[in-house]
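A short worksheet on the structure shown next.
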Amino acid sequence: MLRRWTAAVAAVTLFGTLAACGSDDSAGGEPDGLTMGFAQVGAESGWRTANTKSVREAAQRAGVELKFSDAQQKQENQIKAIRSYVQQRVDVIAFSPVVETGWDTVLLEAQRADIPVILTDRAIDSEDDSLYETFLGSDFVAEGRKAGEWLLQETEGEDSVAVVELEGTTGAAPAIDRHTGFTEAIAGSGVEIIASQTGDFTRSGGKQVMEAFLKAHDDIDVVYAHNDDMGLGAIEAIEAAGLTPGEDIRIITVDAVRDGMQALADGKINFIVECNPLLGDQLMDLAERVVAGEEVPKRVVVEETTFTQEEARQALPDRQY
Ligand code: GYE
């Protein structure tokens, strides 16, 4: 049954148009699609919502039966979901690990059951890279670096620049790596992180942490938020404190989802590093190849850009998410 899949593999590109390919046989077509168990992180951000939509739509287009679970940002829920996919004997498991560590046991269970695992969006930190077939996602260190490099350029000539950092979920790959890339870029410069705390990638988390930062520090020049949602929360806190976001305090975020891009176009955010959530088509393509026993690259990096305020104004009308 699995071998029939090789023939059915459609070549898809990451940015392929949503409506273009007509392989949707969900309405009474042959029930020969592979079954994928997908353990999603949660619904914490605009990025995540767009990612979930992309995965669901791509599964439909590819005729993949998708078993989807939302872990509400809790590792134990993701582990339970993966275990249940093993029990249900799905053809392939894909998941976006909420944190980097602590996956070996459950992934060994999948391996013993001969079910291939694909990491999507976030990486794990494990000695054993036989526990997964491939990792499809962004280079988060590069994203952090781009944020830091832009800030260096922007603040050239200023002796000291005080940054507060709104970190993503503690222990998550994008939180660890976006911090690493940023600190790498600003090393040896007058730009300094004076406070850093997690806002859990949520708008309310970003707002709360920013309120506390504003109370504790009266010299904040810049907010570096690991995602748009936390940046948007910080904007609320800054405005509530009677300051002007984008002017009194400059804001850099990561993701470039619609609400973030709107705030950038409106001048409330100063720079956004893109992180593309539209991984669905590429994920389905990789899944089909892995299940068919084909060799796939161990790492598939998603290409991304950055946006200034002017670029956001131009890009907004065509933005898909
Ligand atoms: O940047 C953030 C989300 O893992 C890349 O998770 C993803 C991150 C994204 O909650 O908005």
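Values below: every heavy atom of this structure, side chains too, minus hydrogens, waters and symmetry copies. The first residue in the sequence is number 1, and the count goes up from there.
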ring-ring contact (aromatic ring centres under 6.0 Å, His included) partners of Trp103, counting only residues at least two apart: Phe95

Test: Lys67 and Glu65 ion pair at under 4.0 Å: yes

With His179, the side-chain hydrogen bond (donor to acceptor under 3.5 Å, both in side chains) member among Glu167, Glu184, Glu165: Glu165

Polar side-chain atom of Thr198 near backbone of Gly168 as donor-acceptor pair, under 3.5 Å: yes

Glu76 CD: over 12 foreign heavy atoms closer than 6.0 Å: yes

Nearest atoms (heavy-atom pairs only) where Leu316 meets Gln262: CD1-OE1, 3.4 Å

With sequence neighbours excluded, residues passing side chain to side chain contact (heavy atoms under 4.5 Å, CB included) with Ser189: Leu152, Ile186, Val191

Residues, nucleotides or ligands: over 12 heavy atoms within 6.0 Å of Arg319 CZ: yes

Ion pair Lys215/Glu211, N-O distance below 4.0 Å: no

Those residues that, when tested against Phe140, pass ring-ring contact (aromatic ring centres under 6.0 Å, His included) (two or more places apart): none

Set of ring-ring contact (aromatic ring centres under 6.0 Å, His included) partners for Tyr132, sequence neighbours left out: none

Please list, one pair per line, the donor and acceptor atoms closer than 3.5 Å that link side chains of residues 115-123 to other protein atoms, with sequence neighbours excluded.
unit_1	atom_1	unit_2	atom_2	d
Asp121	OD2	Arg48	NH1	2.8
Asp121	OD2	Arg48	NH2	3.1
Asp121	OD2	Ser96	OG	2.7
Arg122	NH1	Val98	O	3.0

Neighbour count above 12 (heavy atom, 6.0 Å) for Asp218 CG: no

Between CD on residue Gln78 and OG on residue Ser69, distance to nearest 0.5 Å: 7.5 Å

Check: Ile124 main-chain N/O paired with Glu100 side-chain donor or acceptor under 3.5 Å: no

Gln309 (side chain) donor-acceptor with Ile269 (main chain) under 3.5 angstrom: yes

Ser84 side chain to Gln88 side chain, donor-acceptor N/O pair below 3.5 angstrom: yes

Donor on one side chain, acceptor on other, Tyr321 and Thr49, under 3.5 Å: no

Pairs meeting criterion ring pair (Phe, Tyr, Trp, His ring centres under 6.0 Å) with involvement of residues 209-236, two or more places apart: Phe182-Tyr224, Tyr224-His226

Heavy-atom pair with the smallest gap, counting every atom of Phe68 and Tyr85: C-OH, 3.5 Å

Co-membership, hydrophobic cluster, residues Met230 and Ile220, 4.5 Å side-chain: yes

Side-chain (Gln153) to main-chain (Trp150) donor-acceptor, under 3.5 angstrom: no

Modelled atom types, side-chain donor and acceptor of Glu274 and Thr306, under 3.5 Å: no

Side chain Asp221, main chain Ala162, donor-acceptor under 3.5 Å: yes

Distance-only donor-acceptor check, side chains Ser130 and Gln111, under 3.5 Å: yes

Test item: Asp248 side-chain N/O and Thr244 main-chain N/O as donor-acceptor pair under 3.5 Å: yes

Gln73 side-chain N/O to Asp200 backbone N/O, donor-acceptor pair under 3.5 Å: yes

Test side chain to side chain donor-acceptor pair (under 3.5 Å) applied to Asp228 and Thr253, step by step: CA-CA 5 Å; Asp228 290 345; Thr253 64; 2.7 Å; yes

